[in-house]
2 protein chains.
Amino acid sequence: MEEIRDTNSQDQTAPARRVRISDLATALGLTKSTVSRALNDYADIAPDTRERVRTMAAQMGYAPMPYAQAVRTGRVRALGLVLELDAPDRYGPFLADFLGGITQEASLEGWTLTIASSTSRADMEATLARLLQEHKVDGFILPRTRIHDPRALFLRAKGVPFVLYGRVGYGQPDPGLSWYDVDGRGAMRDGVARLVALGHKRIAFVGPCEAYNFAMLRRDGYRDGLALAQIAHDPALEIMGVSDRAEGAAAARALLDLPDPPTAIVYATDATALGAYDVARERGLTIGRDLSLIAYDGIPEGRMIEPPLTTFAVDSRHAGERLAALLIAQLRGAPVADLTELVSAQLQPGGSDGPPVFTKRET
Amino acid sequence: MEEIRDTNSQDQTAPARRVRISDLATALGLTKSTVSRALNDYADIAPDTRERVRTMAAQMGYAPMPYAQAVRTGRVRALGLVLELDAPDRYGPFLADFLGGITQEASLEGWTLTIASSTSRADMEATLARLLQEHKVDGFILPRTRIHDPRALFLRAKGVPFVLYGRVGYGQPDPGLSWYDVDGRGAMRDGVARLVALGHKRIAFVGPCEAYNFAMLRRDGYRDGLALAQIAHDPALEIMGVSDRAEGAAAARALLDLPDPPTAIVYATDATALGAYDVARERGLTIGRDLSLIAYDGIPEGRMIEPPLTTFAVDSRHAGERLAALLIAQLRGAPVADLTELVSAQLQPGGSDGPPVFTKRET
DNA sequence: CGTAAAGCCGAAACCGGTTTCGGACGCGAT
DNA sequence: ATCGCGTCCGAAACCGGTTTCGGCTTTACG
């Protein structure tokens, strides 16, 4: 152990003597300006000099101090993320994966993630402004986009780079933005198609607050699915504004109490779909037989419950990775217009969907 | 809207012309060195000069650039947190609260939070070293302490300030460390006492992997409770190494299959206690009557399930706040020995505990 | 009234880099 | 041999602060 750490033990004895660019310069017999330009790929440096500097830097373990660079360049190589603490669903269990994805990708490129939080929507802008004013970050990742997102407007007005998790401007997409999104619309369409294939004809939809962009998209996907199956859209079977398990249960009750109840419900989120399990237990219904469910998100509880929830799973870690990559690319000067990615959710079959049983009247 | 933003719109026209310390100095008719010392509470500045500088700084909206300061001071006013992505329980739903607590408290003091992640234990030290080497953080918050925590050793050897969420060194507490912890031992003791008061005499315990410090402490709390009630400790009723719901269920089965099964189980974590609900459903037992449960954590699922889980809830947000405060205090030079906090978990009564029914033999 | 000790501020170096500018040198063409 | 041009590197300014040092005023005191 002692021998292995020999090179380090010099640091121990001479504690924290980190190698600076001037050390490198004297070791090479160059000036620090030349070394700096060699490391930053300036054109006026001879190729073999550049190489000499590179190898010596690696050998001596030189690493520039980001903040010393920042004094001149104004860039700190840090990504910013502001969590909304007042959000209804608190990010659920995805946050760890999401953060893991961002930080892993960022560290690969030598960037870090700085996070802050806001307790209210008004607070949000102040928090963004503070991080900016202190130059703690170079750009932002904005999760949970709304249809009209004030954060995006605010940052764009300031000329600060950012990337969105989810699109904004439902119906009229904004070309000047960079985003990553999961195709919730396609997933909902496929979900309806799957239920139709099983024989369902009355299929309901339960979605969240309409202010969120994804809510509208998923609802549209549901309608797409109906249209593709040539099933008429019944407004009574579409309930919006549902954001947690209890409200999901209430929605299920309301739907089952209709004169002509649905045999299947597509939920826009897993968390709300769990409410249907509660209602099924209340009424003695068997999920997957008396009532079929398909949802979206892929939360762990969905796999634990009996029968497991059929859902379209979102890969939060991948989302984090790609968002970080997109933002870094943007900060490096890539044109914003090219920086969009749409991926599809992955179907995770459970036991919550099956062929319908027609207890009341047949169609 | 336009009028309200009038003061900001000046920034719009003269974009990003931030006020530097030299601007302040010329406006005041002082030199920047004097201004700097006035703002940093140096003793050799006249009180009224200090005040004059303060008010002018506020008026002109001066805010120092942290990284410019850092070049000289070596402090970036950033807290570091490294998430372990390979942890068994993925932080569950607490992460958002925890992060919220840290960032809220940190931003109050003008600090920010930088996070990174490690995919393995070996990776962890490399990640810590990288953040340190790049001077991205001044100190660390270390969650999930183990009995022998390599991170603590590593950072202490480097002389880097840090604070632990949870204590280390079970049995032989280390005086040179700063930590915040929730008294899991006391909670488990009280949990046993509560069950004893209800009439239980055979009380089991299910705990997680013994490498974690909190696992040992909670187990000790269970034993404390038995001792206080003068109940002999039966090793057969104590199962360790249980970390998720399925394993919690397996433990419950094992306990119920004993020749003299327990009437109550104390689980060290809510997540594992949920497994007992599954077993109860399998065997037609009623939780809270045929089998009583008390657990620890306060996860949301525990409140949703029927009957709600009686548990000792941990306030993750408060933990984050206090950890940030402790670390900042330490970074400001407070003696490490004083920086420890032990809070008690709050009992959250549910319906999972009740008087025992003696189906087999009476005692 | 003289002098030493505070009190208070300015000048300049410094932190670790980046960037601009200009000059030395080598080379081919005239 | 001279000129011109391109290549390559050094010198020095710069970024936005902090900190050391020294000197000029006051004040306290003998």
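Labels below follow one simple rule: chain letters A, B, ... track the order of the sequence lines, proteins then strands, and each chain is numbered from 1. Every value quoted in this text rests on a predicted model; they were computed, and no experiment measured them.
For the contact set between residues 28-54 of chain B and DNA chain D, defined by any heavy atom under 4.0 Å, the members are B/K32, B/S33, B/S36, B/R37, B/N40, B/Y42. Of all the residues in residues 64-80 of chain A, A/P64, A/M65, A/A68, A/Q69, A/V71, A/R72, A/T73 reach under 4.0 Å from DNA chain C with at least one non-hydrogen atom. DNA chain C lies under 4.0 Å from no heavy atom of any residue of residues 127-134 of chain A.
Looking only at distances, no side-chain donor or acceptor of B/R151 sits under 3.5 Å from a matching main-chain atom of B/M124. Judged purely by atom type and a 3.5 angstrom limit, B/R52 has no side-chain atom pairing as donor or acceptor with the backbone of B/P47. Judged by distance alone, the side chain of A/D23 and the main-chain N or O of A/V19 form no donor-acceptor pair under 3.5 Å. Between the A/R50 side chain and the A/Y42 main chain, a donor and an acceptor come within less than 3.5 Å of each other. When atom types are taken as modelled, the side chain of B/T49 and the backbone of B/I45 share no donor-acceptor pair closer than 3.5 angstrom.
As a whole-Å value, the separation of A/L24 CG from C/dG16 C1' is 13 Å. Nucleotide D/dG16 holds its C1' atom 8 Å from the CD1 atom of B/I21, rounded to whole Å. Atom P of nucleotide C/dC15 and atom NE2 of B/H135 are separated by 14 Å, given to the nearest angstrom.
Side-chain contact check for B/T114 and B/K136: no donor-acceptor pair (N or O, by modelled atom type) lies under 3.5 Å. Residues B/S33 and B/S36 have side chains that never bring a donor and an acceptor to within less than 3.5 angstrom of each other.
Summary of helix geometry: the two end axes of the helix from C/dC1-D/dG30 to C/dT30-D/dA1, each defined by five base pairs via their C1' atoms, are inclined to each other by 50° (rounded to 10°).
For B/Y180, the side chain to side chain contact (heavy atoms under 4.5 Å, CB included) criterion is met by B/Y165, B/V182, B/H318, B/A319, B/R322, B/L323, B/L326, B/E341, B/V343, not counting sequence neighbours. Remark: A/A129 pairs with A/F154 by the side chain to side chain contact (heavy atoms under 4.5 Å, CB included) rule, at least two apart or across chains. By the side chain to side chain contact (heavy atoms under 4.5 Å, CB included) test, B/V168 is found to be paired with B/T145, B/D149, B/L164, B/L177, residues two or more places apart in sequence or in another chain being considered. Considering only residues two or more places apart in sequence or on other chains, A/V35 meets the side chain to side chain contact (heavy atoms under 4.5 Å, CB included) condition with A/I21, A/L24, A/A25, A/L28, A/L30, A/L39, A/V53.
Contacts classified as ring pair (Phe, Tyr, Trp, His ring centres under 6.0 Å) and involving residues 107-133 of chain B (residues at least two apart or in different chains) are not found. For residues 54-83 of chain B, the pairs satisfying salt bridge (charged side-chain N to carboxylate O under 4.0 Å, His left out) are B/D41-B/R54, with sequence neighbours left out. The list of salt bridge (charged side-chain N to carboxylate O under 4.0 Å, His left out) pairs with a residue in residues 31-40 of chain B, not counting sequence neighbours, reads B/R37-B/D44.
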Dump the pairs, protein N or O against N or O of nucleotides 25-28 of chain C, anything under 3.5 Å, distances to one decimal.
none

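Salt-bridge formation is detected for the pair B/R332/B/E109: a Lys NZ or Arg NE/NH1/NH2 atom is positioned less than 4.0 Å from an Asp or Glu carboxylate oxygen.
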